[in-house]
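Below is one structure, written out as structure tokens; the observations come after it.
Heavy-atom basis, side chains included; hydrogens, waters and symmetry copies ignored. A note on names: the letters A, B, ... follow the listed sequences, proteins ahead of strands, and every chain is numbered from 1.
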There are 2 protein chains.
Amino acid sequence: MEEVPKHKENSTEELILKAAKLVFSRKGMAGARMQEIADEAGINKALLHYYFRSKENLFNAVFYDLLGNIQKKFLGILNSEMDLFSKIRNFFTGYTDFLQENSFLPGFIINELNQDPEKMINHFRDAGIKPPPKLILQIKEEVQKGNIIQIDPMQLLMNMLSLAIFPVLAAPLLKGILEAKEGDFDQLMEKRKRELPEWFINSIMKK
Amino acid sequence: MEEVPKHKENSTEELILKAAKLVFSRKGMAGARMQEIADEAGINKALLHYYFRSKENLFNAVFYDLLGNIQKKFLGILNSEMDLFSKIRNFFTGYTDFLQENSFLPGFIINELNQDPEKMINHFRDAGIKPPPKLILQIKEEVQKGNIIQIDPMQLLMNMLSLAIFPVLAAPLLKGILEAKEGDFDQLMEKRKRELPEWFINSIMKK
DNA sequence: GTCTATAGCCAGATAGAC
DNA sequence: GTCTATCTGGCTATAGAC
């Protein structure tokens, strides 16, 4: 008797998607090799074409899946009913965790963005990813109430994204340049996760 | 009679380097095509191999040149004798200008960083790029003097880099998602250039 | 130095047996 | 569904004429 067969866990299709996610994220669309994906999945190259007609197709399947994750994790928080400050705290900690588990993702997106901007923008549009209206509104309100400094909501959003995403994006390089021992950099990032939200909130409070 | 023939301006070699810089930065190492570089330079593909033995070679030549620019523009400011606050102001405005003129550069680096982290780190090491000691020292001093808040110099540096580089990196996507008309986004970035330094300096001042 | 033509390789895709 | 074997196209690199 088998374990409860949840969904189609460990089906060949799932194996392929998992392997493809890994390889595409390491190498990008142009650099990835179908053979490498097949090897990673422990199956034959021809099977990739059996399940997904072409490389392009497989790529899109992987990418669509990843965007869904962003949509849920990221916009979920920012569009919630939470008050602004809790929201900022939740964003930084939640997003940092998410990015550490998917540290390939930002590089992957930037990579493909350079290759074919239109395609990437359309993917994002299709996934319904856009500046969260609820957050924008809250910022405007808090500015008007005089609780935070005069700041353009878009600039504030860009600052949040920059501070959260860039360090993950540049992590391998920063590790190398700082000549940090393996653990040191991870520790730096842990410290960052704790201190960044409070510093950031403080930075938009009135003196 | 010709114009004063400055250096080897417009020599075939210069034409190739210029074209290669363009194509490599758009497509990355894996995505770039020697044919495309040749077309861009208005010469034949075989000439590329005549001047630079291989694609790998050409790539390294281009990249070495680009790192030199970073070294001069970026570390020049941060290692100077300027006081901390002037330095921060200069960094944001100067670096933003530099990145706008070389908007491909961050994506290029992130791209190659994902393909082959070790190679990229070595390139940076060879170019002598590392956290600027003078800046680190200044931050420590100002913290000790009680002029700015208690903050780890590395975190401060990471914040500066994040805020300056990420928006350029993600610009095409942000443009698309914000559904900004062409001029709108540029205006947003202009505004950013003016407001970011003051906001950032304010964020590290004691209340 | 610059070109045309082509060799040689590699990766995506397909045919067809099981 | 899964495999082996193979086709096909495209890209780097080279040979060789001018």
Would you say the side-chain atoms of A:N57 pair up with the backbone N or O of A:R53, donor to acceptor, closer than 3.5 Å? no
Side chain of A:Y50 only, please: which of C:dG1, C:dA13, D:dG1 is the nearest? D:dG1
Sugar-phosphate, base or nothing in reach of B:A30, heavy atoms under 4.0 Å: nothing
Take the protein atom CD of A:Q35 and the nucleotide atom P of C:dC9, then report the distance between them rounded to whole Å. 18 Å
For A:A38, answer base if it contacts any base atom (sugar-phosphate contacts may also be present), sugar-phosphate if it contacts only those atoms, and nothing otherwise; contact means non-hydrogen atoms under 4.0 Å. nothing
Does C:dT14 have OP1 or OP2 under 4.0 Å away from a side-chain N or O of A:H49? no
Take the protein atom NZ of A:K45 and the nucleotide atom P of C:dA13, then report the distance between them rounded to whole Å. 10 Å
So what does B:Y51 hit on the nucleic acid, given a heavy-atom distance under 4.0 Å: a base, only sugar-phosphate, or nothing? sugar-phosphate
Establish, with yes or no, whether the OP1 or OP2 oxygen of C:dG1 is under 4.0 angstrom from a side-chain nitrogen or oxygen of B:T12. no
Exercise: do A:E118 and A:N122 side chains pair donor with acceptor under 3.5 Å: no
Can you tell me if A:R33 touches the phosphate of C:dG12, counting only side-chain N or O atoms and a distance under 4.0 Å to OP1 or OP2? yes
Check whether the side chains of B:S162 and B:N159 place a donor and an acceptor atom closer than 3.5 Å, and report yes or no. no
State whether a side-chain donor-acceptor pair under 3.5 Å links B:D39 with B:Q35. yes
To the nearest angstrom, how far is B:L58 atom CG from D:dA13 atom C1'? 14 Å
